[in-house]
Amino acid sequence: MNDVSRRRVDFSMAEWKGKVRLPPLSETIPQHEEWCEVLEGGEWKRIRFHDYDRIYARPGLYEHLFYGLLECNSPRRVVRLLSEVMAEPGALEEPLRALDLGAGNGIVGDELRAVGATELVGIDIIPEAKMAAERDRPDLYTDYVVADLCRPTDEVKATLAEIRPNALVCVAALGFGDIPPLAYYHSASFVPKGGLLAFNIKEEFLDERFTHGFSELIRRMVRDKIVRIEATRRYCHRLSAAGEPIFYTAMVATKLEDIPRAMVVDP
């Protein structure tokens, strides 16, 4: 991101100081139902954390809420782990060309450019994400696709294949249903054997008691040697609305084989 874009984001974040409040600490709220209130026009309006369209429509709110108040650390930690794996002998021997799945307004893309990505395609299902990325971080992405990757069109497939991606990165978008396993399956199909898959997931979703969704897909890919895990790292993803640490596991894997379609349960 250029300096002008950085200043724009910093200014937009500052505009929300004192205008965002979290639920009372006495309330116990599941992660997928967390919310905040924002002060607009003299009125406090409630917004769920997963109402990304409403958050992205307000410049600087996403950064102020998640990276300011809640101290989110995932883009840096996942991309740093990817960079460490890339530095190992026998890893990628060509420039990083990445698909950023669940790209949002470009925070992960920023980190990928910082570690040397020469080509970068953002992917998200909501148009508000693309509009926010173009507003906050212009020229960051080689291209940005708004599409349902459960049912990619031929045009979308052509766009994703054009940069010949050698890595798929997905940060803080797996495990709660934001990105179904079928969408991940289609996205990973554009990465050739030997390419890298980098992602993170809430630590309890890796427990074998979770026998559905992306949790089960990860286990099957490892068990059937579709991927080889290169590195994992447990870390604090962010604080909850109540101020408690939420732990995730970052993972980087080498793709050894294409994911069999039968391995993926339709949404």
Side-chain angles (χ1 to χ4, degrees), residues 50 52-53 56 62 66 72 74-83 85-86 92 96-113 115 117 119-134 137 140-153 155-192 195-202 205 213-215 217-218 221 226-227 237 248-255 258-259 263-264 267:
H50 281 243
Y52 296 118
D53 55 342
Y56 289 143
Y62 187 85
F66 290 106
C72 182
S74 281
R76 183 173 62 87
R77 296 301 294 268
V78 175
V79 175
R80 177 185 293 178
L81 192 63
L82 172 64
S83 181
V85 170
M86 289 168 52
L92 290 182
L96 178 63
R97 301 184 299 275
L99 300 180
D100 180 5
L101 180 61
N105 68 341
I107 294 177
V108 174
D110 253 350
E111 297 289 342
L112 289 167
R113 288 292 190 186
V115 299
E119 302 284 345
L120 186 60
V121 173
I123 311 168
D124 212 296
I125 197 170
I126 59 174
E128 290 85 358
K130 180 178 181 179
M131 290 187 287
E134 293 176 342
R137 296 169 175 83
L140 176 66
Y141 290 100
T142 306
D143 208 333
Y144 198 117
V145 172
V146 176
D148 179 358
L149 264 293
C150 288
R151 302 164 188 84
T153 64
E155 181 181 1
V156 166
K157 291 177 182 178
T159 299
L160 300 186
E162 188 172 359
I163 67 166
R164 296 181 297 111
N166 51 24
L168 172 65
V169 181
C170 187
V171 176
L174 300 169
F176 283 105
D178 292 333
I179 295 179
L182 184 57
Y184 191 85
Y185 158 80
H186 283 300
S187 302
S189 71
F190 294 98
V191 178
L196 296 174
L197 308 177
F199 55 89
N200 66 343
I201 191 167
K202 193 173 181 181
F205 288 167
F214 192 74
S215 305
L217 180 59
I218 293 173
M221 290 193 298
I226 303 300
V227 300
H237 161 59
Y248 273 48
T249 298
M251 308 180 77
V252 179
T254 296
K255 179 179 174 180
D258 290 328
I259 303 172
M263 188 176 283
V264 183

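Along the sequence shown, residues carry numbers from 1.
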For side-chain contact (heavy atoms from CB on, under 4.5 Å), just list the numbers for I107 and R137, CA-CA rounded to whole Å, side-chain angles, deciding distance to a tenth of an Å, and then say yes or no. CA-CA 9 Å; I107 294 177; R137 296 169 175 83; 3.4 Å; yes

D100 and Y144: side-chain contact (heavy atoms from CB on, under 4.5 Å), yes or no, with the steps? CA-CA 9 Å; D100 180 5; Y144 198 117; over 6 Å; no

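- N200 approaches S74 most closely through the heavy-atom pair ND2-OG, 3.1 Å.
- Counting only heavy atoms from C-beta outward, the side chains of P75 and D110 never approach each other to under 4.5 Å.
- For the pair L197/Y184, a side-chain contact is recorded, criterion being any heavy-atom separation below 4.5 Å from C-beta on.
- Counting all heavy atoms, side chain and backbone alike, M86 lies closest to L96 at CE-CB, 4.0 Å.
- Residues L160 and V145 form a side-chain contact, since some pair of their non-hydrogen atoms from C-beta on lies under 4.5 Å apart.
- Atom CG of L140 is separated from atom CZ of R113 by 6.0 Å, given to the nearest 0.5 angstrom.
- A donor-acceptor pair under 3.5 Å is absent between the side-chain atoms of D143 and the main chain of V121, judged by distance alone.
- Between the CD1 atom of I218 and the CE atom of M251 there is a distance of 5.5 Å, given to the nearest 0.5 Å.
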Check the pair V169, L82 against side-chain contact (heavy atoms from CB on, under 4.5 Å), reporting the backbone distance first and the verdict last. CA-CA 9 Å; V169 181; L82 172 64; 3.9 Å; yes

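- The side-chain heavy atoms of V227 and T254, taken from C-beta on, include no pair separated by under 4.5 Å.
- Aromatic ring centres of Y52 and H50: separated by under 6.0 Å.
- Across H186 and L149, no two heavy atoms sit closer than the pair CD2-O, 3.0 Å.
- If you take CG on L182 and CG on L217, they are separated by 10.0 Å, rounding to the nearest 0.5 Å.
- Using a 30° and 60° split on the angle between ring planes, Y56 and Y62 fall in the tilted class, from 30° to 60°.
- The nearest pair of heavy atoms linking A103 to D124 is N-OD2, 3.5 Å.
- A distance of 6.0 Å separates CG of L120 from OG1 of T142, quoted to the nearest 0.5 Å.
- Rounding to the nearest 0.5 angstrom, the gap separating the CZ atom in F199 from the OG atom in S187 is 13.0 Å.
- The two atoms that bring Y141 and G122 nearest to each other are CD2-N, 3.3 Å, heavy atoms only.
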Should V156 and I123 be marked as a side-chain contact (heavy atoms from CB on, under 4.5 Å) after you check the CA-CA gap, both sets of side-chain angles, and the distance that decides it? CA-CA 10 Å; V156 166; I123 311 168; over 6 Å; no

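- Taking the side chain as every heavy atom from C-beta outward, L92 and V85 never approach each other to under 4.5 Å.
- No side-chain donor-acceptor contact under 3.5 Å links S83 to the backbone of R80.
- With hydrogens and angles ignored, the 3.5 Å screen pairs a side-chain donor or acceptor of N166 with a backbone N or O of R97.
- S189 and K255 get closest at one heavy-atom pair: CA-NZ, 3.9 Å.
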